[in-house]
Amino acid sequence: MVTSSTETTAKRSSIDFKTIGPALALLILCIIGFLLNPSFVSEGNLTNLLTRSAFIGIIAVGATFVITAGGIDLSVGSMAAAISGVMIIIMNNAVDTMGTGVATVLLGCGCAVVLGIGAGWINGALTTKGKIEAFIVTLGTMGIYRSLVTYFADGGTLSLNFDIRGTYRPVYYDSFLGLPYPVWVFIGVAICGWLLLNRTAFGRYCTAIGSNEAVARYSAINVDRVKTLTYVIQGLCVSFATIIYVPRLGSASASTGVLWELEAIAAVIIGGTVLKGGYGRIGGTILGALILTTIGNILNFTDLISNYLNGTMQGLIIIVAVLLQRSDWKLGKSK
Amino acid sequence: MVTSSTETTAKRSSIDFKTIGPALALLILCIIGFLLNPSFVSEGNLTNLLTRSAFIGIIAVGATFVITAGGIDLSVGSMAAAISGVMIIIMNNAVDTMGTGVATVLLGCGCAVVLGIGAGWINGALTTKGKIEAFIVTLGTMGIYRSLVTYFADGGTLSLNFDIRGTYRPVYYDSFLGLPYPVWVFIGVAICGWLLLNRTAFGRYCTAIGSNEAVARYSAINVDRVKTLTYVIQGLCVSFATIIYVPRLGSASASTGVLWELEAIAAVIIGGTVLKGGYGRIGGTILGALILTTIGNILNFTDLISNYLNGTMQGLIIIVAVLLQRSDWKLGKSK
Amino acid sequence: MQMETTAQAAIIEAVNISKSFGPVPVLFSVSMDVRPGEVHALIGENGAGKSTLMKILSGFHDPTSGQIRLDGKKTDLPPNGAAESLGIVLIHQELNLAEQMTVEENVFLGREVKSRGLLDKAAMRATVQGYLDEIGLDISPVDRISDLTIAQKQMVEIVKAVSRNARILIMDEPTAVLTEEETEVFFRQVTKLKESGVGIVFVSHKLNEVKAISDRITILRDGQWIDTRHAQDLTPDLMAQMMVGRELSDLYPPMLEADVDAELVLEVDNLVATGVSGVSFGLRKGEILGFSGLIGSGRTAVFEAVCGLAPIESGTIRLFGRDVGTMTVAGARDAGLAYLTKDRKEKGLLLDKKMQPNLTLFALPKFVKNFAIDRKREEEALERAIRRFDVRAKDNDITVGKLSGGNQQKLLLAKIMECDPKIVVIDEPTRGIDVGTKQQIYHFIAALAAEGVSVVVISSEMPEIIGICHRVVVMREGGITGVLTGDHINENEIMRYAAGLKREELH
Amino acid sequence: DEKIKIGVSYPTPTHAWAAGMNWHAEQAEKRLEELYPDVDLILVNSPDPEAQASALEDLVSVHQIDALVVLPFESEPLTDPVLNVKKSGAWITVVDRGLSQPGIEDLYVAGNNPELGRVSAQYMKTRLKDGDNIVVLRGIPTVIDNERFDAFMAEIEGSGINVLDHKHANWNRDDGFEVMQDFLSRFPDIDAVWAQDDDIAIGVVAALKQAGRDGDGMFVVGGAGMKEIIKGIMDGETLIPVDVLYPPAMIATAMDATVQAFKSNGPVAGRYILGATLITKDNAESYYFPDSPF
Ligand SMILES: Nc1ncnc2c1ncn2[C@@H]1O[C@H](COP(=O)(O)OP(=O)(O)OP(=O)(O)O)[C@@H](O)[C@H]1O
Ligand SMILES: Nc1ncnc2c1ncn2[C@@H]1O[C@H](COP(=O)(O)OP(=O)(O)OP(=O)(O)O)[C@@H](O)[C@H]1O
Ligand SMILES: [Mg+2]
Ligand SMILES: [Mg+2]
């Protein structure tokens with residue numbers, strides 16, 4: 001009985017640290033930020049920070065599904081670039097027939113959603129029906145999407161028609177109840193993602209597949225369909241991120257979204273999701289995205305560190321943030 | 001009976017295609033290359049191609065061990081850059097005391113080996129002792145090594161002393177029995193890697209750990225040590241690649257080795273090693289590296305395709321190359 | 001016959017089923033039927049094809065020829081457990097749970113209860129809690145499977161099956177990892193289901209159980225149907241004889257007196273580790289020492305700590321008179337101490353590898369010559385092991401995951417013995433093994449002891465502890481409650497110590 | 001009918017300036033091949049220095065080029081590979097980034113990076129006074145970036161203008177936007193921004209407008225000569241009142257000159273350094289190419 005009670009405490013606290021770890025890391029970062037420069041906690045900066053993390057955060061919510069189900073998607077950054085590019089082309093071409101009003105913007109957003117779903121479906125189908133390792137499939141599509149946007153932009157930048165930009169701008173720059181729209185989208189996606197992963201059968205199927213595909217299959221789960229759907233969700237998240245990205249600068253180029261895939265995966269894993277699948281947490285992912293954005297933000301707030309060493313700081317902070325959530329860090333050597 | 005016999009053929013052919021797949025893909029690529037431009041098979045071009053694939057190939061041999069044992073190393077590209085940088089600094093500084101002869105070059109190479117082993121050990125120790133996901137550890141060290149080389153180079157390029165370069169140049173540019181030295185190093189590393197993975201207890205242990213870590217532990221395998229060693233081997237391979245890389249371009253900068261990690265992993269997986277671990281093939285990895293280099297080479301051979309679409313071609317070819325080795329590609333829909 | 005006339009119509013019938021894996025035939029025209037409200041047991045040697053037949057009956061495999069009739073109509077069962085929608089549920093021989101998920105999630109996997117599109121977790125938890133209470137399993141619906149013991153996992157499998165409103169419930173060795181007590185609980189569930197008209201198919205190597213619970217018994221031998229009879233017409237001995245095809249002599253070997261003055265090869269003093277609180281005992285050369293106790297009493301935990309698989313908090317371990325601190329598993333092996341895990345699927349064998357790498361993995365340093373693995377010696381070792389342990393694979397090239405459960409167990413035993421240990425700890429040595437082979441293993445253990453090897457047998461099967469051990473240590477809640485020798489080794493005595501009704505004042 | 005084969009090698013465009021260069025190179029290819037049927041120009045681009053070194057090898061071994069026009073990814077790593085091309089007997093024209101070893105190239109065509117920094121700083125000095133504050137957004141850490149930045153700082157030194165901080169914005173709009181957002185949160189008083197590059201400048205302007213700090217004479221100096229920026233200068237935009245030229249068309253200059261090395265009877269070898277002209281409302285018209293992607 002004695003044994004069992006200690007066991008429980010150990011288990012409890014381990015669960016706590018998995019959850020609290022990322023939150024703690026974020027808190028420490030914020031304190032450091034404040035100490036470096038009190039204007040870190042100014043409303044303006046916090047708003048910027050939240051808005052910025054919306055891109056990676058939304059994409060990372062999708063990545064949580066893919067990774068939980070045992071997959072991986074390296075193509076998201078390129079996909080975002082390609083979708084932005086096509087969206088801009090479509091809206092620019094629609095000006096003649098549809099004008100520069102809301103209708104054109106909606107057309108663009110609709111196309112983004114369709115493209116996102118389509119691109120995700122391609123990744124999913126190649127992985128499941130084609131039975132190719134997800135890493136290879138998405139490495140391939142990463143190259144393909146990236147080079148397509150370069151091709152469309154002729155190596156340069158695709159820019160949104162100036163008047164449409166006027167119509168579309170508020171989607172990024174305006175606020176509702178003091179929070180910019182991108183943050184609301186982020187919150188919405190996060191809530192939907194959380195519900196989907198934790199409160200629906202689909203979420204359980206993702207976890208089951210990531211945990212043990214054979215078990216999932218033996219439970220009459222349509223493994224291929226669920227896996228494909230995780231990629232579709234990822235694609236959809238990418239298109240949401242794109243929809244709030246395009247009004248920011250109104251342009252897309254070959255350098256749009258470079259390395260977003262690594263950032264998104266890092267956010268997911270910093271948040272406590274297990275890379276091999278079977279265990280996903282949307283809440284952690286959100287925190288992970290905030291942590292990553294905050295690191296970049298803080299580094300812009302100080303000149304204590306050589307610019308050249310930004311990468312070193314980032315790397316160290318990521319490793320330490322994950323160390324913080326090691327379940328047994330309190331227990332010292334035992335186990 | 002009918003079902004059963006198809007199944008057997010499937011199994012037989014699956015084994016064959018896993019092995020032959022990459023070889024077949026390479027052959028097809030070479031034929032395409034020849035058709036596009038007969039000078040593809042000129043001795044000069046073939047030598048170039050082999051020499052070029054040596055870098056990625058050597059690194060990928062190391063990656064085969066890491067991946068077989070269930071890990072991943074994203075830091076190899078940055079590690080190569082950092083080792084090149086430090087090697088150049090050391091050799092340049094040694095000029096005053098040791099002159100510009102072979103001794104200095106050997107000193108540089110020695111340091112490269114030590115650094116490679118050290119960097120690999122750091123990755124391994126953080127993964128095993130620190131119990132952090134390999135993806136996060138090596139994502140972190142990737143940023144760290146990359147920014148260190150930027151820092152050493154002060155944002156620019158580190159260049160090897162001109163006279164040392166004269167001494168060192170032959171290591172890349174000279175040949176022995178008609179094959180450039182880098183190719184010999186590649187062959188050496190490949191043979192050692194193959195023997196290590198397929199003929200020694202260590203290789204068996206890597207496979208066992210990747211297949212099921214708990215079973216490995218219960219089978220008296222020191223899992224942490226073996227895993228750490230795979231990262232050390234990876235580091236060692238990176239330092240070999242660096243030793244033949246430095247005389248080629250005689251410099252190192254922030255852009256050295258960018259994306260080599262993805263190329264190395266792609267080579268490994270195109271070669272038939274399973275990303276989740278437990279199944280590694282050095283021979284396949286070598287073919288994978290050759291395939292990747294050949295794709296780049298062929299794309300330099302033709303201007304049929306817009307330069308901007310190179311990435312699309314690369315992506316498509318990688319996906320198709322892996323499709324080729326799908327065990328059941330002949331059987332169509334059945335099963 | 002009378003049997004046929006009184007019987008109700010069968011729910012499911014297998015008619016002349018044959019099955020081959022590749023060119024290897026494993027079932028030859030086997031027929032079997034299951035009627036509502038009956039328990040139909042299927043027995044046979046390891047590799048006889050029982051699991052294969054069960055999988056065919058539930059749609060996980062297609063038969064190569066023959067047909068399945070459901071309610072008298074020929075049916076092609078849907079694959080991958082989708083036959084559940086027809087009321088056919090299979091509990092696999094190998095545990096089939098998602099380790100990272102909770103008990104509740106596993107029980108309802110694939111048929112979650114929803115309200116308004118969202119999961120009704122409260123309802124599902126309550127249902128699972130109800131089942132757990134009913135069978136007296138002391139775990140929570142939110143516990144993760146990976147935190148449970150094997151026996152608890154098996155009980156979860158049973159809960160999972162019972163909760164599925166089956167018409168036909170097929171269970172492949174559900175009791176292999178259960179103690180007698182848990183088996184009783186389980187049988188109560190079976191009886192209840194049976195009374196409600198469920199047809200139950202049941203595979204087991206515990207022939208007493210089979211006799212006790214089943215109505216009819218089908219015997220397979222080498223993939224051939226031998227007979228189907230009413231349970232009352234068979235005795236365990238007769239069953240064994242029909243399975244093996246010959247008369248079985250005594251199951252247990254004659255007990256050689258242990259030398260009470262033999263040197264102590266292993267002394268454990270006041271060992272404290274996770275799940276172990278202050279355990280002390282000694283093991284002599286050539287002794288067979290049994291460890292008995294209820295599930296979760298800490299027997300495994302003791303030896304995982306001793307063999308370097310789990311950290312030690314305090315206590316001393318003396319091996320051949322030498323103080324050893326915390327050992328690595330390799331260190332223990334090199335010192336002559338080997339531990340055979342009871343969890344062959346998760347900790348014992350690499351299921352996706354062939355037999356040969358599995359066999360030599362534990363003792364691999366022995367096979368290294370000039371830094372390379374001596375493949376010829378490996379092959380010889382495999383041949384030897386197959387002969388010595390009677391591992392029956394129709395094709396020596398298949399991956400271990402495809403071996404029959406019992407043959408996996410034999411391979412695991414061979415793997416551990418490959419390092420020629422002087423002390424071997426065998427956790428549940430005969431789990432899933434048929435009577436014939438059981439007999440061989442008992443004789444094997446006795447022969448080892450006679451050669452001077454010390455053997456620790458951890459077992460939840462009381463007869464086996466009583467039948468082969470010189471001395472028996474009984475554990476409860478992480479501590480030792482008693483040590484029995486000679487005539488004191490009997491079921492009654494062991495149970496009283498194990499249940500905590502009696503406690504020996506230990507030195 | 002042996003053609004004169006000229007290889008043209010440059011980095012794969014990933015930002016607008018490089019895209020402009022690519023456009024000008026393609027224009028020049030068309031124009032020159034039409035003009036001289038016996039000239040074959042082969043355009044190759046590469047995503048990194050290693051790939052460019054490989055591409056150079058391929059140009060020699062496969063296409064057997066007679067001349068090479070190369071815009072090196074980086075100077076140091078490509079010095080040896082270009083030297084190898086030189087050894088095959090080809091004419092070498094180096095564009096923009098000089099090799100680390102003198103005497104390899106026959107012709108050198110380049111913009112002037114230090115001059116770009118200096119001209120920008122000089123303009124700052126004309127607009128700002130003692131005690132005014134500026135922030136600097138740099139490019140990708142490279143030699144080019146260092147040259148521009150060092151010259152800028154040297155010129156600004158002693159003027160009394162404070163450089164509050166400098167961060168890398170990687171010649172990228174998104175990074176320009178985010179770094180500028182953070183500068184704005186951090187520094188309440190900024191009088192001008194040196195964005196070094198027009199892509200960064202666009203991000204900077206977006207951030208200024210978002211924060212509502214684009215008034216009171218605040219201005220941004222970019223660089224390179226992007227068509228949108230030049231259009232703005234022509235239209236009298238005050239936020240980006242000037243631009244410092246670093247023309248992507250220099251590749252065309254180099255290709256022209258290289259062809260002339262085979263066609264002209266005049267000498268071509270030597271150094272050809274383009275000026276870093278300050279583009280103002282008065283001269284903007286002549287630097288405006290509406291069809292170029294840049
Ligand atoms: N997927 C498979 N591929 C090839 N052979 C298989 C496969 N599954 C089972 N076998 C073989 O079929 C035979 C029968 O196996 P099965 O599992 O049905 O035996 P069993 O009667 O359940 O034995 P046990 O009592 O040991 O569980 C064995 O020889 C086994 O190796
Ligand atoms: N590594 C561990 N970490 C946490 N708890 C453990 C560990 N090992 C064992 N335990 C716990 O210690 C107790 C003893 O378990 P153990 O497996 O040793 O029992 P057992 O007597 O062998 O029973 P069983 O037949 O179920 O294996 C159990 O409650 C178990 O959950
Ligand atoms: Mg079986
Ligand atoms: Mg136990």
Side-chain angles (χ1 to χ4, degrees), chain A residues 1-12 14-15 18 68-70 191-192 194-226 272-281 327-328 331-335, chain C residues 55 58-60 78-85 90 92 94-102 104-121 124 138 140 142-147 160 164 272-277 296 298 301 310-313 351 401 477-479:
Chain A
M1 277 300 125
V2 180
T3 346
S4 72
S5 79
T6 36
E7 245 174 60
T8 338
T9 1
K11 214 185 295 169
R12 290 270 154 75
S14 94
I15 290 169
K18 272 263 176 212
T68 301
I191 291 176
C192 293
W194 190 86
L195 285 174
L196 195 58
L197 188 62
N198 296 296
R199 288 283 175 269
T200 67
F202 175 79
R204 280 208 179 163
Y205 296 163
C206 294
T207 313
I209 292 171
S211 174
N212 188 331
E213 210 173 300
V215 170
R217 187 159 283 137
Y218 281 2
S219 301
I221 294 172
N222 189 334
V223 173
D224 281 358
R225 192 171 60 204
V226 173
T273 297
V274 175
L275 185 63
K276 296 215 187 271
Y279 186 76
R281 22 183 71 248
S327 47
D328 52 353
L331 308 174
K333 284 202 75 175
S334 86
K335 236 218 146 176
Chain C
K55 286 181 186 162
S58 50
F60 286 92
N80 291 332
E84 224 178 274
S85 57
L90 172 70
H92 292 261
E94 304 302 338
L95 291 172
N96 195 39
L97 300 167
E99 290 274 323
Q100 285 110 311
M101 299 177 79
T102 65
E104 171 243 324
E105 287 169 344
N106 268 285
V107 168
F108 279 97
L109 191 58
R111 39 171 211 122
E112 288 74 8
V113 177
K114 286 169 234 173
S115 72
R116 275 185 259 114
L118 296 185
L119 295 174
D120 191 346
K121 284 196 185 183
M124 289 190 281
D138 184 23
S140 151
V142 295
D143 281 347
R144 277 186 201 290
I145 298 296
S146 54
D147 293 334
K160 186 172 160 185
R164 302 219 157 186
V272 180
T274 317
V276 182
S277 45
I312 295 172
E313 273 156 46
L351 299 177
E477 286 176 1

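Protein chains get the first letters and strands the later ones, always in sequence-line order, with residue 1 at the start of each.
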Using a 4.5 angstrom heavy-atom cutoff, name the option from C:R111, C:K114, C:K121 with the most pairs to chain A.
C:K121
So for C:E84, is it side chain, backbone, both, or neither that comes closer than 4.5 Å to the heavy atoms of chain A?
neither
Can you sort out the partners of A:N198 under side chain to side chain contact (heavy atoms under 4.5 Å, CB included), two or more places apart, ordered by chain and number?
A:W194
Less than 4.5 Å to any heavy atom of chain A: does that hold for the side chain of C:R144, its backbone, both, or neither?
side chain
Could you grab the distance from atom CD1 of A:I221 to atom CG of C:L109, nearest 0.5 Å is fine?
4.0 Å
Under the side chain to side chain contact (heavy atoms under 4.5 Å, CB included) test, residues paired with A:N222 that sit two or more places apart
A:D224, A:R225
Contact between A:S219 and C:K160 at the side-chain level, heavy atoms closer than 4.5 Å - yes or no?
yes
Between C:A98 and A:S211, what is the shortest heavy-atom contact and its length?
CB-OG, 3.4 Å
Going by the angle between their ring planes, with limits at 30° and 60°, are C:F60 and A:Y218 parallel, tilted or perpendicular?
perpendicular
Rounded distance (nearest 0.5 Å) linking atom OG1 of C:T102 with atom CZ of A:R204:
6.0 Å
On a heavy-atom basis, the closest approach of A:Y205 and C:E112 is OH-OE1, 2.9 Å
What distance do C:L97 atom CG and A:N212 atom CG have between them, rounded to the nearest 0.5 Å?
9.0 Å
